[in-house]
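Notes follow the structure.
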Amino acid sequence: MRRFLIAGNWKMHLVRAEGMELVDAILEGSVGMPADRELLVIPSFTLLHTIAERIGKRALGLGAQDLHWEASGAYTSGVSAAMLRDAGCEWVLVGHSERRDHFGDSGEVLGRKLRAALAALLRPIYCVGEHLEEREQGRTHELLDRQFHDVLDGLAPAEMQRVVLAYEPVWAIGTGRTATPEIAQETHGFLRSLVASAYGQGVAAETRILYGGSVKPENASELLGQPDVDGALIGGASLMAESFLGIAQAGGQHTSGAQKRTGKT
Ligand code: PGA
């Protein structure tokens, strides 16, 4: 069974005191969270060490927003996978649309980053998603197919099992405009079929696919209620404990596709 993963991407927000306050409130509010969900915060690089210490052994994951593909070297401003591990991270985002659009991360670069993350035993959350124009032109599947294969082709099945996918339609990020549950389900189903063709049904049934793009407590239950939506990647609403925890508590028990297919309850 796939567990919900609820991830807060803090982007370029919050200085240390603010980040500490938020993480304390999340730690306090997440005590007794149902066992079918896992929570994760993704602060800026400068907060990682401090937040890791604050979390200690408690049940809250820590991730970074990006990494460099090389292990070390003369790459001014780069942060390696080993540095992230050393800072206490278990997770890292790869391919967020803001990295693709504002920093020019190409499929080739993202493939290297994803492999560097896996080699360092980090768990990558690989983000894909179309722009509005591409959806309107009916090119969403074509685009997602390319983003998927450019970066994920050629992994060992055991490596793919450590990758989480995030579907983030660019037109829904930070716009207040969310994909309908039907769009999310249809697209997640398509992504799962790509995993199945490349890595087999078994890996596809286990792969978690998060939805991201203006997720809020008010729309989280419907989105998380879709069989192929296995969690949320949250930007704006993750900056307040109340809304982040509201989303984390939404959605009832996960009716993952794997369960449905086998008919188990
Ligand atoms: P948003 O961002 O929730 O503010 O739309 C989502 C994301 O970019 O991960």
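Order of listing sets the numbers, starting from 1, for every ligand and every atom in it. When reading the values below, keep in mind they use all heavy atoms of this one structure, side chains included, and skip hydrogens, waters and symmetry mates.
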Taking every non-hydrogen atom, the tightest pair across Val229 and His254: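 Closest approach of Val229 to His254: O-CE1, 3.2 Å.
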Closest non-hydrogen atom pair, Ala179 against Pro169: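 In this case the closest contact between Ala179 and Pro169 is CB-CG, 4.3 Å.
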Which residues share a side chain to side chain contact (heavy atoms under 4.5 Å, CB included) with Thr178, sequence neighbours left out: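 So Thr178 forms a side chain to side chain contact (heavy atoms under 4.5 Å, CB included) with Tyr211, Ser214, Lys216, Asn219, Leu223.
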CG on Asn9 to NE2 on His96, rounded to 0.5 Å: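 It is 5.0 Å, given to the nearest 0.5 Å.
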Pairs under 3.5 angstrom only: tabulate donor-acceptor contacts from the side chains of residues 47-54 to other protein residues two or more places apart or in another chain.
from: Arg54; atom 1: NE; to: Asp24; atom 2: OD1; distance (Å): 2.9
from: Arg54; atom 1: NE; to: Asp24; atom 2: OD2; distance (Å): 3.4
from: Arg54; atom 1: NH2; to: Asp24; atom 2: OD2; distance (Å): 2.7

Determine all donor-acceptor pairs shorter than 3.5 Å in which one atom belongs to a side chain in residues 111-127; sequence neighbours excluded.
from: Arg112; atom 1: NH2; to: Glu108; atom 2: OE2; distance (Å): 2.7
from: Lys113; atom 1: NZ; to: Asp66; atom 2: OD1; distance (Å): 2.8
from: Lys113; atom 1: NZ; to: Asp66; atom 2: OD2; distance (Å): 3.4
from: Lys113; atom 1: NZ; to: Asp105; atom 2: OD2; distance (Å): 2.8
from: Arg115; atom 1: NH1; to: Gly111; atom 2: O; distance (Å): 3.1
from: Arg115; atom 1: NH1; to: Val151; atom 2: O; distance (Å): 2.9
from: Arg115; atom 1: NH2; to: Val151; atom 2: O; distance (Å): 3.4
from: Arg115; atom 1: NH2; to: Asp153; atom 2: O; distance (Å): 2.7
from: Arg123; atom 1: NE; to: Arg162; atom 2: O; distance (Å): 3.4
from: Tyr126; atom 1: OH; to: Arg100; atom 2: NH2; distance (Å): 2.9
from: Tyr126; atom 1: OH; to: Gln147; atom 2: O; distance (Å): 2.6

Sorted by chain and number, the residues that approach ligand 1 to under 4.0 Å with a heavy atom: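 Lining ligand 1 at under 4.0 Å, by heavy atoms, one finds Asn9, Lys11, His96, Glu168, Ala172, Ile173, Gly174, Gly213, Ser214, Leu233, Ile234, Gly235, Gly236.
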